[in-house]
Amino acid sequence: MSEYDFATIEARWQKTWLEEETFRTPGPGDAGFDPSKPKYYVLDMFPYPSGAGLHVGHPKGYTATDITARFKRHRGYQVLHPMGWDAFGLPAEQYAIQTGTHPAVTTEKNVAKFRGQLQALGFSYDWSREINTTSADYYRWTQWIFTKLYERGLAYQAEIPVWWCEALGTVLANEEVINGLSERGSHPCVKRPLRQWMLRITEYADRLLADLEDLDWPDSVKAMQREWIGRSEGAEIEFALTDADGNALGQSFTAFTTRPDTLFGATFCVLAPEHPLVAALVTTQQRSAVEAYVAQAATKSELERAELQKEKTGVFTGFYAVNPLFPPGDARRLMPVWTADYVLMSYGTGGIMCVPDGDERDLAFAHTYGLEVRSILDDEGRLQNSDFLDGLAKAEAIPKMIAWLEERGLGQGKVNYRLRDWLFSRQRYWGEPFPVLHELDAAGEFTGVHKVVDAQDLPVTLPELDDFSPAEDGEPPLARAKEWLHVVDSDGKVWRRETNSMPQWAGSCWYYLRFLDPHNQEAAWDAEKEQYWMPVDLYVGGAEHAVLHLLYARFWHKVLFDCGLVSCAEPFRKLVNQGMVQSYAYRNKLGALVPVDQVEEGEDGSFVDTTTGEKVERQTAKMSKSLRNVVNPDDVIRQYGADTMRLYEAFMGPVTASAPWNPRDLPGVHRFLQRVWRLFARGIAAAAEPTVERAMHQCIRKVGDDLEQMGYNTAIAAMMEFVNVATKQGQPLSTQQARAFCILLEPFAPHLAEELWAQLGQKEALAYAAWPSFDPGQLLADTVEIPVQVNGKLRARAEMPADADRDTMEDLARAAVEEHLSGDVRKVIVVPGRMVNFVVAAK
RNA sequence: GGGGGAGUAGCCCAAUGGCAGAGGCAGAGGACUUAAAAUCCUCCCAGUACGGGUUCGAAUCCCGUCUCCCCUACCA
């Protein structure tokens with residue numbers, strides 16, 4: 001046995017695993033399936049295979065799930081651990097537009113690269129289950145699920161103002177536009193009315209909210225989803241509109257409010273600039289001012305509106321709203337109606353009643369324009385000057401006011417959501433075609449009738465095109481696929497295919513289900529398999545998917561549940577967000593960032609810009625090309641091997657924590673593997689050495705406990721500790737110890753573990769070897785040193801048997817601190833095996 | 001402004017309310033070596049951001065303050 005030759009070892013075992021299909025996992029109905037085993041489904045958020053390949057951030061989560069997957073196999077679970085590709089999407093299409101390379105070609109190339117990189121890291125995926133959202137075999141079922149949504153009335157078309165991104169040539173969902181810029185690429189977007197497909201996710205808002213409760217998810221993600229759904233209880237109130245003299249205009253508007261009980265304090269109303277009644281009813285006198293205001297509000301992006309939030313602006317419309325609480329003639333009855341851009345057309349009804357005494361924004365607006373403020377809340381927040389609500393707290397006042405309104409037909413209780421229906425169509429080529437046909441009349445015009453394609457006629461495959469670019473008018477590229485576009489049915493009726501395509505989220509909404517049964521040609525998945533494997537036991541991915549992907553997938557899953565197609569209401573039982581792998585960045589005195597490759601560390605630990613000689617400060621930042629601090633996993637593997645890479649990723653800290661990639665720490669974990677190699681190179685001892693044996697049992701327990709809780713970093717520390725003890729002790733390990741250690745090491749450094757296991761002459765596959773057990777009697781030393789405190793202060797240490805009972809401990813401890821116990825001993829606290837504390841009365 | 005999370009040694013990080021240190025990096029010394037690297041051994045370093053509170057006992061629980069990260073933001 002010579003050197004630790006990781007390159008040879010890793011290549012050998014990766015080849016073996018692939019050739020022997022070591023990690024092929026049988027499910028119900030498959031040969032080799034053992035129904036008596038418990039199941040464990042551990043899933044990574046599958047990647048978009050970009051041209052850049054993997055960066056070191058990807059493997060952080062993948063390493064975590066792989067360690068857990070391997071650990072669970074040793075624990076006797078049937079482990080489902082699959083990988084696939086979320087391969088529809090803009091980058092491949094943009095590349096196609098620029099170069100003419102078909103997105104499928106780009107995708108295939110990128111997938112090959114990603115697969116190779118993942119395999120080079122020795123992940124124990126069942127590659128026989130690999131899926132790709134862009135293969136017709138897969139999107140056939142994405143389309144099929146869409147037909148289920150359609151049949152249940154959850155998919156509909158609407159002509160709505162949507163975010164149109166000129167640069168990307170497509171519409172985007174609200175969630176994909178941030179402050180008027182596209183989430184991807186930060187291109188400006190504008191609102192534009194277009195015919196779109198929508199999914200009625202709002203129908204599931206309550207269930208999506210309620211079912212969060214029982215999920216083992218990070219609080220932050222649950223909080224984000226709750227906020228996104230944005231349930232708020234209140235009432236809708238209808239306000240009749242009049243002219244300045246109180247003459248009815250024959251129109252009314254509805255306002256949503258969470259505080260209907262404050263209606264007595266409503267002194268004015270505001271409609272969003274886009275509200276149709278603003279233009280319809282504005283008085284001649286106010287018309288020019290209002291039109292000017294509306295026009296300039298329209299040119300403001302959401303970004304600008306948000307930035308200007310300190311100062312509220314608005315214009316009086318000239319008409320009034322009736323406060324129904326007050327009789328004609330009462331001065332409080334007529335409330336002036338303003339238009340202001342702090343009211344958004346897209347939330348609630350686009351119009352509000354304003355209660356300056358109850359709402360900060362209304363108060364600010366009232367102050368700016370000298371509008372009336374009527375006091376209706378006392379110091380304790382109880383209603384006053386409010387007739388039948390006087391003295392009531394809001395909890396009692398709200399239902400009372402709602403009842404009052406309902407009796408008179410003026411309004412009703414209402415739950416409002418921030419969540420909007422999901423804009424589900426895109427004007428792009430590289431996405432799933434909709435399985436929808438639109439009927440045409442003899443003249444070739446739409447009749448307005450549409451239907452979904454029959455299940456047996458799926459998939460609707462993507463047609464070949466020469467030009468993938470979107471048209472200026474928003475007409476999708478699929479409209480240019482002349483031969484594909486029209487379908488003639490058996491009655492000779494002509495139908496035109498839907499030319500929109502689905503958004504990238506579609507494929508990832510259900511991929512975890514296809515993994516259960518990826519080659520099924522008759523169904524999307526088999527019911528028995530679904531019942532066995534679902535739900536996903538552990539789902540690991542980035543926090544950036546906290547809302548969109550996870551909300552959409554939950555929505556689809558609930559629809560499938562309602563269809564009786566899945567057996568559980570929630571797909572992902574436990575969710576973990578892995579921390580970001582950051583990198584170092586350097587900032588000079590001017591605050592500018594200095595690329596990493598022109599900074600050197602000085603003797604005193606300071607950092608110097610080598611081009612200027614100036615001192616710079618180190619900080620952590622996201623990896624980015626511009627900072628030149630991106631670390632490439634291929635380089636790391638070449639230099640240290642995959643096992644070192646995996647070990648380092650897992651050793652950086654808790655899986656949920658972000659930490660900078662520190663190249664200086666890599667040799668540390670690499671050295672550990674070398675020490676393991678050298679320890680095994682000593683050969684095998686005939687008998688176990690007691691110190692090492694004890695350390696072994698402690699290590700088995702610690703690694704097992706830590707892995708149950710995803711404490712990868714501390715589990716590695718425990719193995720290091722064991723190797724240090726064994727190395728120092730000087731003897732070889734016993735056969736039992738060597739075997740046990742191989743199993744402990746395998747989840748983390750599987751190639752090295754397999755190599756050592758093989759050298760031990762083991763024939764059984766290491767990956768499925770049973771986790772070693774420990775002897776609790778071996779965990780404690782015979783004697784322990786127990787701290788003895790007096791009034792909480794450490795006064796002495798007492799040597800005593802590890803299993804001493806309370807009385808013995810107290811006696812031995814008392815002897816050790818005799819001189820400190822002059823006063824009354826009022827209380828003695830004994831923690832068996834841990835410590836003794838004497839509480840003495842102060843003198 | 002709202003929400004989520006984090007502050008422990010020069011650095012990354014450990015510590016069911018019970019001796020602040022498991023592990024790694026960096027640093028110092030020694031052994032081995034003709035020398036260096038590698039390896040092995042030994043050592044050094046904080047009282048847990050700050051201020052209160054609960055407790056026999058607090059890094060850990062509670063309250064307040066500060067700093068940093070992430071998310072969100074006129075949502076009526």
Side-chain angles (χ1 to χ4, degrees), chain A residues 3 178-179 218-224 226-228 230 232 234 255-259 262 270 272 305-306 308-310 312 340-344 346-355 358-362 364-365 416-418 543-544 546-547 577 579-580 582 601 604-605 618-620 647-648 651-654 656-669 671-672 674-675 678 698 702 705 711 713-724 727-728 730 784-794 796-797 826-831 833-840:
Chain A
E3 296 244 307
I178 297 159
N179 290 332
D219 288 339
S220 58
V221 176
K222 287 193 190 183
M224 279 188 249
R226 279 193 202 102
E227 280 166 24
W228 191 262
S232 65
F256 175 74
T257 174
T258 53
R259 292 297 303 272
T262 61
V270 172
R305 275 205 196 183
L308 296 170
Q309 64 182 263
K310 317 130 225 173
K312 301 214 180 323
D341 66 5
Y342 80 93
V343 172
L344 308 174
S346 54
Y347 181 76
T349 60
I352 61 170
M353 68 176 208
C354 296
V355 185
D359 185 284
E360 269 184 44
R361 295 155 302 181
D362 297 345
F365 194 77
N416 208 28
Y417 296 94
R418 253 181 64 161
E544 66 274 19
V547 179
N577 292 134
M580 257 191 310
Q582 301 160 317
E601 188 171 356
D604 55 350
R618 187 164 81 172
Q619 59 178 55
T620 57
L647 210 56
Y648 175 71
F651 191 59
M652 287 175 82
T656 52
S658 294
W661 183 269
N662 189 351
R664 199 183 260 186
D665 288 339
L666 276 163
V669 284
R671 235 173 268 163
F672 163 66
Q674 288 178 317
R675 284 166 75 95
R678 273 184 232 112
Q698 287 169 337
K702 176 78 173 148
D705 286 356
N713 55 329
T714 50
I716 292 168
M719 289 190 289
M720 288 174 166
E721 198 178 355
F722 170 75
V723 170
N724 289 347
T727 298
K728 197 182 297 184
V784 286
E785 215 181 42
I786 295 289
V788 184
Q789 300 176 348
V790 176
N791 288 344
K793 285 204 180 72
L794 181 69
R797 294 166 204 277
R826 284 211 251 166
K827 199 172 169 189
V828 184
I829 289 120
V830 180
V831 183
R834 300 305 299 251
M835 51 78 67
V836 179
N837 185 15
F838 293 96
V839 184
V840 180

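Here the structure is a predicted model, which is why all the values come from computation and not from measurement. Just so we're on the same page: letters track the sequence lines, and every chain starts at 1.
Residue contacts for A:R675: at a heavy-atom cut-off of 4.0 Å it reaches the sugar-phosphate backbone alone, with no base atom in range. As judged by a 4.0 angstrom heavy-atom cut-off over every strand, A:M835 is placed among the base-contacting residues. Residue A:N416 is classed as having no contact, given no heavy-atom separation below 4.0 Å to the nucleic acid. Backbone-only engagement by A:E721 is indicated by non-hydrogen atom pairs under 4.0 Å involving sugar-phosphate atoms exclusively. Across all strands, A:T656 comes closer than 4.0 Å to no nucleic acid atom at all (heavy-atom distances). Contacts of A:M652 with the nucleic acid, taken as non-hydrogen atoms under 4.0 Å apart, involve only primed sugar atoms and P, OP1 or OP2. Heavy atoms of A:D219 sit under 4.0 angstrom from primed sugar atoms or phosphate atoms, though from no base atom. Looking at heavy-atom distances under 4.0 Å, A:K728 makes contact with sugar-phosphate atoms alone, never a base. Note on A:P654: only backbone sugar-phosphate atoms sit closer than 4.0 angstrom, heavy atoms only; bases stay farther off.
One atom, CD1 of A:I716, and another, P of B:rC25, lie 13 Å apart when rounded to the nearest Å. Atom CG in A:L666 sits about 16 Å away from atom P in B:rC12, given to the nearest Å. The distance between atom OH of A:Y347 and atom C1' of B:rA76, rounded to the nearest whole Å, is 7 Å. What separates CH2 of A:W228 from P of B:rA73 is a distance of 7 Å, to the nearest Å. B:rA76 atom P lies 13 Å from atom OH of A:Y417, rounded to whole Å. Counting to the nearest Å, the P atom of B:rU39 and the CZ atom of A:F672 are 14 Å from each other. Between the P atom of B:rC12 and the OH atom of A:Y648 lies a distance of 11 Å, rounded to the nearest Å. Between the CZ atom of A:R664 and the P atom of B:rC11 there is a distance of 12 Å, rounded to whole Å.
The partner of B:rA37 cannot be assigned: no Watson-Crick or G-U wobble pair with both contacts below 3.5 Å exists in any strand. Using Watson-Crick or G-U wobble geometry with both donor-acceptor distances under 3.5 Å, B:rU54 finds no partner in any strand shown. With a cut-off of 3.5 Å on both Watson-Crick or G-U wobble distances, the partner of B:rG1 is given as B:rU72. Pairing partner, B:rA22: none, since no Watson-Crick or wobble contact has both distances short of 3.5 Å. Nucleotide B:rG7 forms a Watson-Crick or G-U wobble pair with B:rC66, both donor-acceptor distances falling under 3.5 Å.
Remark: side-chain polar atoms of A:D362 are paired, donor with acceptor, to backbone N or O of A:V355 under 3.5 angstrom. A donor-acceptor pair is defined here as one N or O able to donate and one able to accept, closer than 3.5 Å; such a pair exists between the side chain of A:Y648 and the backbone of A:N662.
Toward the 5′ end of RNA chain B lies the nearest nucleotide of A:P660, the other residue of the pair A:P660 and A:N837 mapping further downstream. Take the nearest nucleotide of RNA chain B for A:V221 and for A:T727: the residue whose nucleotide is more 5' is A:V221.
Among B:rG24, B:rC56, B:rC13, the nucleotide with an atom closest to any side-chain atom of A:V839 is B:rC56. Of the listed nucleotides (B:rC56, B:rA76, B:rG23), B:rA76 has the atom at the smallest distance from the side chain of A:S232. Side-chain proximity of A:R671 to B:rC25, B:rA73, B:rA14: nearest is B:rC25. For A:T257, taking side-chain heavy atoms from C-beta onward, the closest of the listed nucleotides B:rC12, B:rU16, B:rA76 is B:rA76.
Looking at A:I352 and A:Y342, their side chains come closer than 4.5 Å, going by heavy atoms from C-beta outward. Inter-residue side-chain proximity for A:K827 and A:N837 is flagged as unmet; no heavy-atom pair is nearer than 4.5 Å.
Judged by distance alone with a 3.5 Å cut-off, a donor-acceptor contact links the side chain of A:K312 to the base of B:rC74.
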